[in-house]
Undergrad: 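I have a structure here, written as structure tokens, and I will follow up with some questions on it.
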Amino acid sequence: MGGSEYPARQRLGRAFFARPTLEVAPDLVGCYLVLRGRRRLVVRLVEVEAYLGVGLDPASHAQSGRTARNGQMFETPGTLYVYVSYGMHHCLNVVCERRGMAGAVLLRAAEPIEGEGSMRRRRGRGGLELSNGPGKLAQALGLDLRHDGADLVRGVLGVWPGPPPARIAVSTRVGITKAVGLPHRFYDPESGFVSRARTSALGTL
DNA sequence: CCATAGATTGACT
DNA sequence: GTCAATCTATGGA
């Protein structure tokens, strides 16, 4: 045990992320996101959304090709894509697909597992408000544009396998106005930290 | 150049 | 329930 493992097995490697975004997304639900800093922060991912590549997904930042903002979506799988939402919040995405092909999974909500005090200090509030939304999660972890491009396979931030949820619910994505019907949101229906808990699931995996 | 929408949140009626 | 905050990207004049 040398601090590179949480809780016991190895972190997810490049091959996990270098797959179609719609395969990676549901597999991330139940995984641990671990940040090694002054303190170790650990959260359990409970809600994610898939965003596809050029010409494949009108709601995706990559829909119309590469720009200054979305460049990381086209880069190495297993890296972090961070963007600023509504000019003030940060959102975290895990880059998928092979290099050159855009695709990313938005991390929408997670349960605090370790370092909750640190997260509460950053958020200025606690309970569900700690991390039950994409902007809240990024703020709780102290992640922003400086972390755009961070390597999840080798860096201080990583993803570890966790006990798989009993069920994974599928629904349409939250807060978009294009491609509203696509079933690209995946979450653990048993978690109270899921945002927009009232939205009804289309089914379960 | 100007207008507007947006993968959101928090404060307020 | 409504709405403002605040910045990027995009589309039209």
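Hydrogens, waters and symmetry mates play no part in the numbers below; they use all other heavy atoms, side chains included. In what follows, chains are A, B, ... by sequence order, proteins preceding strands, each numbered from 1. Just so you know, these numbers come straight off a predicted model, no measurement behind them.
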Undergrad: Which sits closer to the 5' end of DNA chain B, Q139(A) or A62(A), going by the nucleotide each is nearest to?
TA: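 Of the two residues, A62(A) wins.
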Undergrad: Are any of H61(A)'s side-chain N or O atoms less than 4.0 Å away from OP1 or OP2 of dA7(B)?
TA: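 True: H61(A) side-chain N/O within range (under 4.0 Å) of dA7(B) OP1/OP2.
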Undergrad: What is the nucleic acid contact for R173(A), judged by heavy atoms within less than 4.0 Å: base, sugar-phosphate only, or nothing?
TA: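 The residue R173(A) makes no contact with any strand.
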Undergrad: Can you measure R125(A) atom CZ to dT9(B) atom C1' for me and round it to whole angstrom units?
TA: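 Rounded to whole Å, this separation is 9 Å.
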Undergrad: When you get a sec, tell me which of dA9(C), dG10(B), dA7(B) is the closest nucleotide to the side chain of Y83(A)?
TA: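 Of the options given, the side chain of Y83(A) lies nearest dA7(B).
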Undergrad: Output the rounded distance in Å from OH (Y81(A)) to P (dA7(B)).
TA: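 The answer, rounded to whole Å, is 10 Å.
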Undergrad: Can you tell me which nucleotide in dT10(C), dA7(B), dG10(B) comes closest to the side chain of S60(A)?
TA: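 Looking only at heavy atoms from C-beta outward on S60(A), the closest nucleotide is dA7(B).
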Undergrad: Can you figure out which of dT9(B), dA7(B), dT8(B) approaches the side chain of M73(A) most closely?
TA: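 Per side-chain heavy atoms of M73(A), the pick is dA7(B).
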Undergrad: Rounding to an integer number of angstrom, what distance separates dA7(B) and dG1(C) when you compare their C1' atoms?
TA: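 These two C1' atoms come out 23 Å apart once rounded.
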Undergrad: For R66(A) and dA9(C), what is the distance between atoms CZ and P respectively, to the nearest whole Å?
TA: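 From R66(A) CZ to dA9(C) P: 13 Å.
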Undergrad: Measuring from the side chain of P134(A) (C-beta onward, heavy atoms only), which nucleotide among dT9(B), dG6(B), dT10(C) has the closest atom?
TA: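 Within the option list, the nearest is dT9(B).
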Undergrad: Counting only Watson-Crick or G-U wobble pairs whose two distances fall under 3.5 Å, which nucleotide matches dC12(B)?
TA: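 Partner of dC12(B): dG1(C).
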Undergrad: May I ask you to verify if any side-chain N or O of K178(A) is less than 4.0 angstrom from the OP1 or OP2 atom of dA7(B)?
TA: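 Looking at the OP1 and OP2 atoms of dA7(B), neither is under 4.0 Å from any side-chain N or O of K178(A).
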Undergrad: Would you find a donor on one side and an acceptor on the other, under 3.5 Å apart, between the side chain of Q63(A) and the backbone of D57(A)?
TA: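 Yes, the answer is positive, given that a donor and an acceptor are paired below the 3.5 Å cut-off.
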Undergrad: According to a cutoff of under 5.5 Å between the ring centres and under 30° between the ring planes, does Y86(A) stack with the base of dA5(C)?
TA: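 According to the criterion (under 5.5 Å, under 30°), no, Y86(A) does not stack.
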Undergrad: Atom NE2 of H90(A) to atom P of dT8(B): distance rounded to whole Å?
TA: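 Rounded to whole Å, this separation is 15 Å.
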Undergrad: Regarding R185(A), tell me which of base, sugar-phosphate or nothing describes its non-hydrogen contacts under 4.0 Å with the strands shown.
TA: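 Nothing, no heavy atom under 4.0 Å.
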Undergrad: Cut-off 3.5 Å, side chains only: do S195(A) and E47(A) have a donor facing an acceptor?
TA: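 A donor-acceptor contact under 3.5 Å links the two side chains.
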Undergrad: With a 3.5 Å distance limit and no angle check, can you tell me whether N93(A) reaches the backbone of A104(A) through a side-chain donor-acceptor pair?
TA: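 Checked: no pair found.
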Undergrad: Regarding R173(A) and E49(A), does a basic nitrogen lie under 4.0 Å from an acidic carboxylate oxygen?
TA: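 Answer for the salt bridge query: no.
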Undergrad: Give a yes/no verdict on a cation-pi contact between R19(A) and F16(A), requiring under 6.0 Å between NZ or CZ and the six-membered ring centre and an angle within 45° of the axis.
TA: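 Because its charged atom sits under 6.0 Å from the ring centre and within 45° of the axis, R19(A) does stack over F16(A).
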Undergrad: Identify whether any heavy atom of L106(A) sits under 4.0 Å from a base atom; if not, whether one sits that close to sugar-phosphate; answer base, sugar-phosphate or nothing.
TA: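 The residue L106(A) makes base contact.
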Undergrad: State which of dG10(B), dT8(B), dA7(B) makes the closest approach to the side chain of H89(A).
TA: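 Looking only at heavy atoms from C-beta outward on H89(A), the closest nucleotide is dT8(B).
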Undergrad: Give me the distance, rounded to whole Å, that separates dA5(B) from dC3(C) when you measure between the C1' atoms they each carry.
TA: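 That atom pair is separated by 16 Å.
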Undergrad: Reckon R69(A) has a side-chain N or O less than 4.0 Å from the OP1 or OP2 of dT10(C)?
TA: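 Indeed not, no polar side-chain atom of R69(A) lies that close.
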Undergrad: Could you give the CG-to-C1' distance, from N93(A) to dA7(B), as a whole number of Å?
TA: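 Going from N93(A) (CG) to dA7(B) (C1'), I get 8 Å.
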Undergrad: Return the value, rounded to whole Å, for the distance between atom CG of L130(A) and atom P of dT9(B).
TA: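 Nearest whole value for this atom pair: 13 Å.
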Undergrad: In whole Å, I'd like the distance from the CG atom of D144(A) to the C1' atom of dT8(B).
TA: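 Those two atoms, CG and C1', are 16 Å apart.
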Undergrad: Salt-bridge test for R44(A) and E114(A): reply yes if a basic N is under 4.0 Å from a carboxylate O, no otherwise.
TA: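 No, this pair does not count.
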Undergrad: Can you check the L145(A) CG to dC7(C) P distance for me, whole Å?
TA: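 Rounded to whole Å, this separation is 12 Å.
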